[in-house]
Colleague: 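Take a look at this one; I'll ask things after.
Because the structure is a prediction, the values reported are computed rather than measured.
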Number of protein chains: 2
Amino acid sequence: MTNIKKVSELAGVSTATVSRTLKNPELVTENTREKVMKAVQLAGYRPNWLATSVKTGKSNSIVVLVPNLVNPFFMRIIEGIEQAAQEKGYSVLLGDTQGKANRENEYASMVLTNRADGLIQLDHSFPFSANDAALAEKVPMVSVCERIEGERRYPFIELDNYAAGRALTHHLISYGHSRFGIIAGQRTSQIHHDRLAGIKSVLNEEGIDFSEDMLVGGSYRIETGIEGVQELLKRDTPPTAIFCFNDDIAIGALYELKRQGLRVPEDVSLTGFDNVKVSAYMDPPLTTVDQPAYEMGRRAVDVLIQLINRQPLSRTREILPFQLLERGSTGPAKA
Amino acid sequence: MTNIKKVSELAGVSTATVSRTLKNPELVTENTREKVMKAVQLAGYRPNWLATSVKTGKSNSIVVLVPNLVNPFFMRIIEGIEQAAQEKGYSVLLGDTQGKANRENEYASMVLTNRADGLIQLDHSFPFSANDAALAEKVPMVSVCERIEGERRYPFIELDNYAAGRALTHHLISYGHSRFGIIAGQRTSQIHHDRLAGIKSVLNEEGIDFSEDMLVGGSYRIETGIEGVQELLKRDTPPTAIFCFNDDIAIGALYELKRQGLRVPEDVSLTGFDNVKVSAYMDPPLTTVDQPAYEMGRRAVDVLIQLINRQPLSRTREILPFQLLERGSTGPAKA
DNA sequence: CTGTTAGCGCATTCAG
DNA sequence: CTGAATGCGCTAACAG
């Protein structure tokens with residue numbers, strides 16, 4: 001172990017001087033600086049980050065809780081987080097929760113043990129165990145793409161999912177559709193409710209009936225899309241247009257529709273959500289809602305670091321703009 | 001800050017006893033244990049992980065260097081890494097390098113500063129700067145899915161890319177193909193050379209000519225597949241079968257072939273690599289090579305932790321089995 | 001079984 | 001401008 005003491009001896013100065021030279025070079029003489037730097041070089045010295053952190057009480061790390069690593073939408077957010085964190089001198093601890101509460105608890109507790117300074121939550125749940133809830137009161141935490149409802153409000157970065165739901169619905173109605181199906185993801189989440197409410201509000205305004213048995217699904221996976229289509233096609237009057245609550249679901253739905261010999265969009269129109277990269281290269285390309293995922297990640301870090309530094313927040317809830325991408329998977333309703 | 005001292009006072013014992021109660025409860029009396037636990041509860045005490053680590057000299061963290069977060073194949077590996085790490089009490093620091101040397105250097109240096117105990121590299125390059133090379137001599141490091149060639153050999157977990165290249169080639173030749181194109185990813189990597197060598201070896205054995213201008217591409221992206229197809233179709237005698245060196249490339253290639261009015265596999269056969277989830281849901285589903293990505297991640301952690309604990313390695317290079325998945329994107333060559 | 005003592009490696013007072 | 005001394009929060013050795 002090559003520590004600061006060894007360097008100080010090598011340079012013939014005190015450990016304090018070595019520390020100063022490395023952190024505030026302007027506080028020491030040109031002469032000593034050279035001596036110290038030479039010794040540092042010679043010894044191959046790198047300050048022990050653990051020791052520095054225990055002194056300053058800051059880990060300069062943040063934990064990111066994500067339910068699923070293989071979802072490219074989440075990973076795009078994390079790219080933004082990672083990039084912004086790095087620029088600000090933070091590193092990112094990855095917490096793959098797989099949606100399990102105990103894993104969430106474990107990861108979340110890292111910030112209670114000074115292993116991390118703050119937390120970004122990509123899922124919709126409050127990640128601390130009942131035991132830790134009191135301690136978590138003052139933990140810097142931001143939720144992104146979902147929001148967390150509870151006693152205490154946490155800052156969030158989100159899309160206007162309600163408006164996005166409305167936009168998709170208007171788009172399909174303009175094509176003459178009136179029989180809709182929905183294949184949902186995680187049903188207990190806020191974004192689910194927002195999107196659903198958006199869709200229903202337009203249907204209501206237009207006097208279009210929506211029966212609850214046209215809402216199927218319950219997880220953001222390709223298989224959900226497949227099973228969802230199978231269910232919806234069994235209905236007495238199958239839908240001519242299907243909302244999928246993410247692109248993976250839409251990919252599965254598209255696959256299954258084609259497998260059953262239906263054409264998209266001639267027989268059934270299909271919409272996705274997230275604008276995952278591959279969605280543009282499907283056959284047909286998916287009509288979907290683009291979310292500024294990378295930017296959402298970056299903004300989350302900005303907010304979190306303000307929280308960590310106990311700076312006043314400019315805004316506590318940020319709604320980012322979406323964009324409806326009309327591509328080939330939607331078209332006129334069959335006559 | 002609620003520290004161990006506060007708890008010891010609250011419980012009326014020494015700090016050492018508190019520490020013992022938490023780490024080795026069997027070393028203290030039932031009686032004191034209760035007192036201490038009560039005090040811990042009351043104070044809402046959580047041991048400061050930084051302090052613990054600076055004492056033991058171990059961070060119980062590992063850094064994972066990955067060139068690109070949005071690639072589901074990499075993320076599947078990282079899922080395995082993350083899961084195995086968690087089981088063994090390690091946390092994962094995410095290093096998105098974007099293939100840039102300076103970012104690699106920065107992340108790699110975390111293990112030189114005790115911020116992490118070891119390193120897993122998913123890219124093909126030695127991640128330390130020239131400056132740090134000497135220091136890195138003894139750094140625990142494993143490379144997975146790629147291998148790092150250089151003065152010093154690092155343990156790696158890899159696929160038999162040579163054999164996979166051969167298997168793909170045999171598969172296509174059995175369909176009667178003899179005019180091949182290749183759309184490559186990162187060309188400087190070892191896996192590129194292995195796969196290419198595998199393909200060429202079979203072609204050679206079968207007396208099939210391969211001209212270098214049938215090798216195009218240079219990055220693992222959808223766009224590469226698109227541009228690759230455009231180039232290959234300009235050749236005097238376009239290929240009837242195209243090897244793509246990952247599934248993203250194949251997705252782009254498939255898209256572009258269809259856009260140009262060609263049918264897959266009737267006009268052109270197409271193979272991918274990695275068996276990314278969506279590959280099975282393309283139209284047609286992609287013939288591809290399945291890599292046990294999750295398992296590769298898990299094994300990498302096993303090996304890394306052995307390295308960290310200076311245990312003798314059972315094996316320093318591990319070649320995992322692949323599986324050729326024959327799906328709809330390959331078929332008989334056009335007469 | 002428990003308390004006292006001594007550090008881990010570093011940064012930061014405070015003198016000089 | 002530099003050095004000696006102190007302590008961050010915790011664990012490990014050693015007594016008792």
Colleague: Counting the atoms with a prime plus P, OP1 and OP2 as sugar-phosphate, which does A:Val18 contact under 4.0 Å by heavy atoms, base, sugar-phosphate, or nothing?
Modeller: nothing
Colleague: Within this structure, what is the CZ-to-C1' distance between A:Arg20 and C:dG9, rounded to whole angstrom?
Modeller: 16 Å
Colleague: In whole angstroms, how far is the P atom of D:dT11 from the CG atom of A:Leu50?
Modeller: 14 Å
Colleague: Kindly give the atom pairs (protein nitrogen or oxygen, nucleotide nitrogen or oxygen) under 3.5 Å for nucleotides 7-9 of chain D.
Modeller:
| residue | atom | partner | partner atom | Å |
| --- | --- | --- | --- | --- |
| D:dG7 | N2 | A:Lys55 | NZ | 2.7 |

Colleague: Using atom CG of A:Asn24 as one end and atom P of C:dT13 as the other, report the distance to the nearest whole Å.
Modeller: 11 Å
Colleague: Is the distance from the ring center of A:Phe126 to that of A:Phe128 below 6.0 Å?
Modeller: yes
Colleague: Between C:dC8 atom P and A:Lys5 atom NZ, what is the distance in whole Å?
Modeller: 7 Å
Colleague: Using a cut-off of strictly less than 4.0 Å, decide whether B:Thr17 has a side-chain nitrogen or oxygen near OP1 or OP2 of C:dG3.
Modeller: yes
Colleague: Can you check whether B:Thr32 has a side-chain N or O nearer than 4.0 Å to OP1 or OP2 of C:dT2?
Modeller: yes
Colleague: Taking all non-hydrogen atoms of both residues, which atom of A:Val142 and which atom of A:Val303 are closest, and how far apart?
Modeller: CG2-CG1, 3.8 Å
Colleague: Does A:Val13 offer a backbone N or O that forms a donor-acceptor pair with the side chain of A:Thr17 under 3.5 Å?
Modeller: no
Colleague: Pair up each side-chain donor or acceptor in residues 28-42 of chain B with any protein partner under 3.5 Å, not counting sequence neighbours, and list the distances.
Modeller:
| residue | atom | partner | partner atom | Å |
| --- | --- | --- | --- | --- |
| B:Thr32 | OG1 | B:Thr29 | N | 3.4 |
| B:Thr32 | OG1 | B:Thr29 | O | 3.0 |

Colleague: Between B:Asn60 (CG) and D:dT11 (P), how many Å, whole number?
Modeller: 13 Å
Colleague: Atom CD of B:Gln121 and atom CG of B:Leu304: how far apart are they, to the nearest 0.5 Å?
Modeller: 12.5 Å
Colleague: In whole angstrom, give the distance that lies between atom NZ of A:Lys6 and atom P of C:dC8.
Modeller: 11 Å
Colleague: Would you find a donor on one side and an acceptor on the other, under 3.5 Å apart, between the side chain of A:Asn68 and the backbone of A:Val70?
Modeller: yes
Colleague: Check whether A:Ser53 reaches the backbone of A:Trp49 with its side chain - one donor and one acceptor, N or O, closer than 3.5 Å.
Modeller: yes
Colleague: Round to a whole Å and report the spacing from NZ of B:Lys58 to C1' of D:dA12.
Modeller: 17 Å
Colleague: Specify the separation, in whole Å, of atom CD of A:Glu34 and atom P of D:dT2.
Modeller: 12 Å
Colleague: Respond yes when some side-chain nitrogen or oxygen of A:Thr29 is under 4.0 Å from OP1 or OP2 of D:dT2, and no when none is.
Modeller: yes
